Each structure stands twice: as C-alpha cells, then as structure tokens.
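Some notes on the structure that comes next.
Just so it is clear, the values below take in all heavy atoms, side chains as well, and ignore hydrogens, waters and symmetry mates. Labels below follow one simple rule: chain letters A, B, ... track the order of the sequence lines, proteins then strands, and each chain is numbered from 1. What you are looking at is a predicted structure, and each value in this text was computed from that prediction instead of being measured.
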Amino acid sequence: MPQREHLLKVGVSGVRGVVGEFLTPGLACAFGQAFGTYVGAGRVAVGRDTRASGPMLQHAVTCGLLASGCEVVDVGVLPTPTIQIYVASTHARGGLAITASHNPSEYNALKLFNTEGLFFNSYERGELLDLYHQSDFRRATNAEIRSVHCDYTSAPQMHLERVFQHVDRERIRRRRFRVALDAVNGAGSIMTVDFLREKLGCELHAIAVDPAQPFPREPEPKAESLGELSELVRRESCEIGFAQDPDGDRLAVLDETGRVLDNDDVLALAVDAALARAPGDVVVNLTTSNVIADVAAKRGRKIHRTPVGEANVVETMCAVGAAIGGEGSNGGIIFPAVHLCRDSYTGMAFLLDLMADTGEPISTVAARLPRYFRRLGKAPYEHGRLGPLMQDLESRFPGAELDRTDGLKVITPEGWIHVRASNTEPLLRVAAEAVTEDAVERIYAEVMGMAGGG
Amino acid sequence: MVRDPSKTLRISHVGLRGVVGTGLTATHALDFASAFATFLEPGKGVVIGRDPRASGVMMREAVIAGLLACGKNVIDLGIAPTPVIQHTIRRLDATGGVSIGASHNAAEWNALKFFGRQAIYLSTAEASELLDIYHLRNFAFAGWDRLGKLRLESGAIDLYLDELAAVYDFESLRGFRVVVDCCNGTSSLILRRMNERFGFQFILINAQIEGVSFAHEPSTTRATVALQLAPLMKPLGADAGFLFDADSDRVGIAAEDGAPISEEMVLPVLADYLLPRAPGKLVITNLSTTALLEDVARRHGGEVVRVPVGRQAAIDALSSYRPEQIALAGEGTGAVMMPQFRFIYDGIASMLALLSMMRERGQKLTEIMGGYPRHEILKGQVPLVTQRIPALLMELRARYSDGRVNVLDGLRVDWPDRWFHVRVSQTEPIVRIICERRGDAPRELFDALLEQIRSFA
C-alpha cells in the first residue's frame, strides 16, 4: 500500500504539514502572497503558537504578505481565538495564525481569517486555493511595499474584555476557586495564567506554562495525556482543572476528582449557559452527542448539524444566526457573542461562572446532564472502502434515518453511528452513541467489525 | 533577440537583482536565500543587513526565512552599510553574509549580494555552485527542531569605526570641513556617529533614511555629484565634498571650488596615495577604467592589471595574487578596495584615505586633481540585437587593427595616446562604448565608433 500519511496537505483549509522537507518556507511565502492578493492591500495580522518552526514560517508568510502590498501587524505568540478577535476588533483586512493546533510538534500549518476574523467560507476557500495554484499574485513595487509593525499587548485585552461581558466576573472572583491548568507550554501559557489568576482571582496551580519549552505531552488535550494534570487536581484539592491545546482553541475540563469530563458534556454545559444569555439556535457537527440536542430542546431551541470541521460549523452558525455552536468530541466551544471562533477562554469563563452560580462541585453539575454512552474509534483508510461500508451500514439498519452530509450517519431509536473519512489523516473515523452501555458496545463492535478497525 | 527593458530580473554570479514586483519577486529572494544557506558550510551564523529601500523589508523576511529554514542562525544588523556588514562577518567569524540593497540603482530596484567566510564576495566557482543549487531547488531544509534562530545586533557601526580609527589618524582629519550627500542611504548612520564620537565636522545633506523617494539616483557619477553637492561647496566653505551610494561601498567627489570630479578619478588618486607605500605593487582594475592609472603607476613603479568589467572578474583576479602583491583594486565607478580593509569595497574608507592624502600633502583637492595629465573620456551606448554582437566585434577589430588589441571583454584597442573599449553590458541590452584620449576628448574616434555600431546591420 502506498504511503497515505499526508506529510503535506494543501487544501481548502490552508496549508498543513511536517516542517522541513514538506512544509517549506517557499510554500508558506507563496500562500502568504496568495492570501494578501485575495484580501487586498491593507493591514493583515499575523501570530503564531509556540512551535519551534513558528518564527521561520512567520518570516516566510510575512514576506509573501509584504510582497503582495499588505501591511503586516506582528501580534507575536497568541492563542488562535485571540488573533481572530484582534483581526475583527482592529478592522484588519485579514489574519493568519501559524499553528498546527492539536497536531504534534513536527507539524505546522496556516489558519486563514477574513476581515471579520472568521474562517473563510467554503466558496472563498476555493477561490483562494485557485489563486495560489495559478500563482496569480499581486506583486507590489518598491513604492507600494508597506512595513511590519509589532503589537504584542493589545490583543489579549481585547479578547478577555469580550469574554467578561458575558459572565459575572465579581461573583467568580469572590469564590477564589482553586484551579489547575495545563497549557501544554502553548500560545495560551502566559495569557491563561493572567486570565485565571489576575483577572478571575483564582488560586492557580499551573503546569506547562513556559512558552519557550517544548510540548510536554501530546498536544491534543484528552484523558490519556492529562495524567499529570489529574494528579495535580487531586494533590492540590482543586475544584476544577483546565487543559488547552497549543493554540488555545480547544479545552478539556477535569472535575474535582481529577476525572476528565466528556467533551460533549462540557459543550452541553456551555450550550446551556449560552442559551440562558443569547437568543438563537444551536449548531454542532454530526458526531456531537445528543446531549446537546436535549439541552437545546429543554430551552426550546433548534439544533443544526454540519459536517465535521470548525469552518463548517462556523459557516452554518453564521447562516442561521446561532446562539452557540461547537464540536463535542474536539473540545470546541463557539460563542458568537464573544466571537465566531472556537475559544477555550469562553469555555473556562462559562464553567467558573456556572460553579459560582450554583455553588455546586462541577461533577455534580455535570451529573445532572442526560446520560448517553459514546464510543469513538478509527479504522485504517483505503480508497474505495468508505462507499461499500456506507452501503453495508444502510442495509444493516433498514428503516433508520440516514444523514449523508459527511460520510454516513445512521440514526435509530436507540442511538446513532457515524462513519466518515478524516479530513487530515488517512483514517476512517467511527463514532457511536446510545442510551445504554450495552447498546453502544453492540453497535460499535458491529461497525468496527465491518470497517476492519480495532 | 532584443531584451524587453521591463524584464529586469538578472540572476548571475554576482547574485540577483531586479526591479521589485515586475522583475524581482519574493520567491526569487526566498529561493536564493535557501540556496545560499544550503551552499554555506556549518558555522557561527550569517550576518545580514539592508539599505533603506522600502522593498528591503520584504526581502529581509525572505532572506531570514530561507536561512532559518536551512538551520542557519541569523544576525540581523537592520539598515546597515555593506562595508559594515562585511566587517561584522569577519569580527564574528560568521560563516557568511547577505547584503540586501541595490547600491547605486534607483529606488525601485533591489538586489542580494552574498559574502563568504572571509567577508569577500563569492568567487566565480563558488557562485556557480550557488547558482546550481538555486536552479535545482534542492535545498537543505532542516527538521523542525533544528531550525536557525534570529538575533538582532546593534552597535556594529561603532566596532567598524574602531577598525577605521586604527588605520586613519582621526585626530588629524576631523578638522576638515566636509559636506556629504548621503543620497538618503546608509552612509549617514556612520557619518553622524563619527561626528558624535570623534568630533568630525561632516555636514550631511539628503541624510534622511528614505525608502521610496530618493532625492536623486544614488549613483556616484560626476553628473550626480553636480546636482546638489557641488553647488554647496563654495557657499559652505567646504574643504571637500563626498557622495555615497545607498549602501556606502562607492564614493563620488566634489572639489572645494565647486567642481564635480569625475568618478574615474577616485581610483587613480588613491593609487597615487597608496603606491608610494607599496612600491612595485599591482593595481587591479577593469578594461573600461581611465588610462591615467597607467600614468600614475609608472610614476611610482607600480603595475596595472586590467580584467573584464564587473565585480566578479575583480574578485577572481584578487584571489589569484598574494595579498601583499596588491596595492589596491577598483573600478571607474568610485568603488575601491584597499588592503588595510582586506579588500572590501568601502566608500567611507576611500574618503578617509583621500582626506589623509590632503592632510599629509598639505594640498587642496583642486591642487591634487591638477597634478595629473588630463585625460578626457567619452561614454556612450547603443541598443543591439544580441545575436549580432560577435560579428560586430570582429568587424571593429579588423577596422582598428593598427592598435593593440585586447579581447578579454568585448574589444579594447589601445594606441599610445588614446583607447576605446566596446563591450556588452551585463545589466542592460546595450553595447557600451568608452573612449579616452590624453588631452582633448577623442570626439572623432567616438563619433566614428557610434556610427559604425549604429549602422551595423
């Protein structure tokens, strides 16, 4: 079988790859120039997470932007949502975040934002990609070339001010919560410490908050890699623990026992908090738990489902004017009243505010959510496998409700199964959910057997 | 084929150069920097700097990205004169350097110049290897955990001045009243510091660092010196006037009476100053430079070595002699290298040498200039179809067979009192004609050559 691991991927989501032989400065420069050409000569903000390859790629991207006639604002090391909010607040033409988000250290990528600090919609992404492939760039002359400015200080303030408009900051401060944090030495390291300790008055116990150090754990914040944080929560008797990914958009939450809460449950709590504050529907991806649908239904709101991917969720949220959205399994909370982006800071603020409001431990609050049982898994991908698997699934569940917007989701009275191809890796992703543990184990085992996964 | 003058990009042994946007692009700069980093031996980093052109900001990002990506540490001097960049390479024992700037060209141009470990321009063999790497685009990118780091460095100018102060007697020179046209380039950074630190009395014009609108083209020709600098000499009661190109490696001169001096005079005058201390040594120059050099060399028992026009031929010639054989090297543009500075084109050092000469001889500039036999030079150019050039040169050679013929670079023919040089420009689609005679201008010969080249069909 040929190598199907994508060491470089140039696609509608931008450029992502292993730095060195694959993601080269030339590619980053050309993409910067295509981006600058697309958004037009004006101010563009560029920031990055703490990866070792960030500075090199930032110089390459900045070069391309300058060559297209853009003025570049270097915002330094910042979480992705903070960069997005900076773009929106300063009315820049667009922005770029140099981050491979939750991917391992050797990867890096470019995330591209429009003048509102949002991901481009799918049509715009296609246009930009065509422009890149055609090398149809604007080439500024000496008289048209602008300069680079640095603004390392104003973005965190802009971001946190927006967040604090939606929670009762005083009631959180009064509680002096004991909070544990693992920022994976990522872009949030400094800002999150300031946010929790100074701004929200927490008694903070933090690990991995040195942006000069490498990632000490797997960058994706999930139960298997958060052992140290869990230990910290128990040792310091913290009331809650937070773990971020390297670019501060994803959030994992640990309860006071050191147990990592299910991401769908965290999203459900955030959705409930958001619906209490803002009008509008709820948008989640197809793989997100029904617990969110239940929470929405209880407040009489409609739920929309999209293909997996933040850009897809945001595009639909925009179209329907949603109150909140997110991707359960990915640990992403998108609250448009702050900004239409995945934002761990809004998530942290909502949960602390909820704890301050109820006065209950976070485990107790979470335990009140409707109970579902979920399994997530993956199977090796081969071209030509997904179609027959979808056909098999359809015939295995006659009469079930089917959703074909992203792979196949089969919805039965006792739960659902979702099978799709990963956007970033040569994998089939399988998700199953049911109201009982037995049911989910049964259908999950059956589908994994059909998919050849383990 | 006739080259389109708007197609300005030129990638050659001397690096790359072009009008930014229409010719020279970000990709060219980035790929060339990546090729250079691939070419360099492992070492203590690469020193970079730029002249004030607005496009230098973009070019800088490209150069840094390419070097970091190939695992090279970068020491950035910011806006810095080329001689200072070269001095810093040696001082830090860096593995090489890049000067970003188009020197004497108009503001819309930019270029990259590359230096090896000794801070000297790459030899033709080294430059050929660099070009091969560039064309193959097989760059030695480092893994994500072995990328280079960027460091900004200030204070390089002071350390450079320490070296100049060790060679020239600043104490005896600072009394001169000197007017300088900085052409909005980097020389003001050095000269202001000399005023502050050593009490020099440089009066600077066009001293504002400017990226887009230069007061005038930063070329060191007599015509440019005549624009703003020369008319100020008498009103300001100056002893001497100097003009530097954007990156300060060339110098032009105005005399105290307000006369703009020909750029051809810089090298012969400095040869006259340095040869007495280096009897019998060589002056390396190109075939288009004034024959006054031979007169001066004869006076001091020196010898002139003439090589093809262009920096590359001079660099290769320099490396083919032992340093102690050479008195100085340069060209008729105001670019001169002296052994005290390990053969780096340095306009500031050239100025200090000239001031030292005035001090030591107790002579004014007009007196020094008046001490040489008069040579009049005429320069012209004709656009030409490249394909026909060899035939043209053959025909001229046959027509002027009574003179001494040199075909190292186009055609040069010498007679006892006059000479001409017909050559193809390396930068523009033209044939250049240079014609000189001791005494009056060789108008007849020049007109005849122009006519013969124009009518060549």
Compare all side-chain heavy atoms of [X] with those of [Y] and state whether any distance is below 4.5 angstrom.
| X | Y | answer |
| --- | --- | --- |
| B:F139 | A:P25 | no |
| B:V57 | A:L66 | yes |
| B:M58 | A:I145 | yes |

Inset, instruction - Let me know if B:L24 has heavy atoms under 4.5 Å from chain A in its side chain, its backbone, both or neither. - result: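 B:L24 has no heavy atom closer than 4.5 Å to chain A.
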Legend entry - Heavy-atom proximity to chain A below 4.5 Å, by part of B:A69: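 Both parts, backbone and side chain.
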Legend entry - Gap separating the CG atom of A:N142 from the CZ atom of B:F214, nearest 0.5 angstrom: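 So the CG of A:N142 and the CZ of B:F214 are separated by 7.0 Å.
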Inset, instruction - Look up atom CG in B:D145 and atom OG in A:S53, then write down how far apart they are to the nearest 0.5 Å. - result: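 Output value for this atom pair is 10.0 Å.
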Legend entry - Set of residues satisfying salt bridge (charged side-chain N to carboxylate O under 4.0 Å, His left out) with respect to B:D31, sequence neighbours excluded: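 Checked B:D31 against salt bridge (charged side-chain N to carboxylate O under 4.0 Å, His left out); matches are B:R137.
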Inset, instruction - Using heavy atoms and a sub-4.5 Å threshold, report which of residues 34-48 of chain A line up against chain B, by residue number. - result: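 Residues of residues 34-48 of chain A touching chain B at under 4.5 Å: none.
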Legend entry - Contact winner vs chain B - A:G64, A:P214, A:A52, heavy-atom pairs under 4.5 Å: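 Top option by heavy-atom pairs under 4.5 Å: A:A52.
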Heavy-atom distance under 4.5 Å to chain B: side chain of [X], backbone, both or neither?
| X | answer |
| --- | --- |
| A:Q33 | side chain |
| A:S135 | neither |
| A:A143 | both |

Legend entry - Among B:V63, B:L30, B:I64, side chain to side chain contact (heavy atoms under 4.5 Å, CB included) partner for A:H59: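 Exactly one candidate clears the test, B:I64.
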Legend entry - Where B:A26 and A:C29 come nearest, the two heavy atoms and their spacing: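 Looking at all heavy atoms of both residues, the shortest contact is CB-SG, 3.9 Å.
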Inset, instruction - Quick one: list whatever passes side-chain contact (heavy atoms from CB on, under 4.5 Å) with B:T25, sequence neighbours left out. - result: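 Result, side-chain contact (heavy atoms from CB on, under 4.5 Å) vs B:T25: A:R139, B:T27, B:H28.
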Inset, instruction - Under 4.5 Å, heavy atom to heavy atom: which of residues 41-55 of chain B reach chain A? Give them by number, or say none. - result: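 At a heavy-atom separation under 4.5 Å, chain A is reached by B:R53, B:A54, B:S55.
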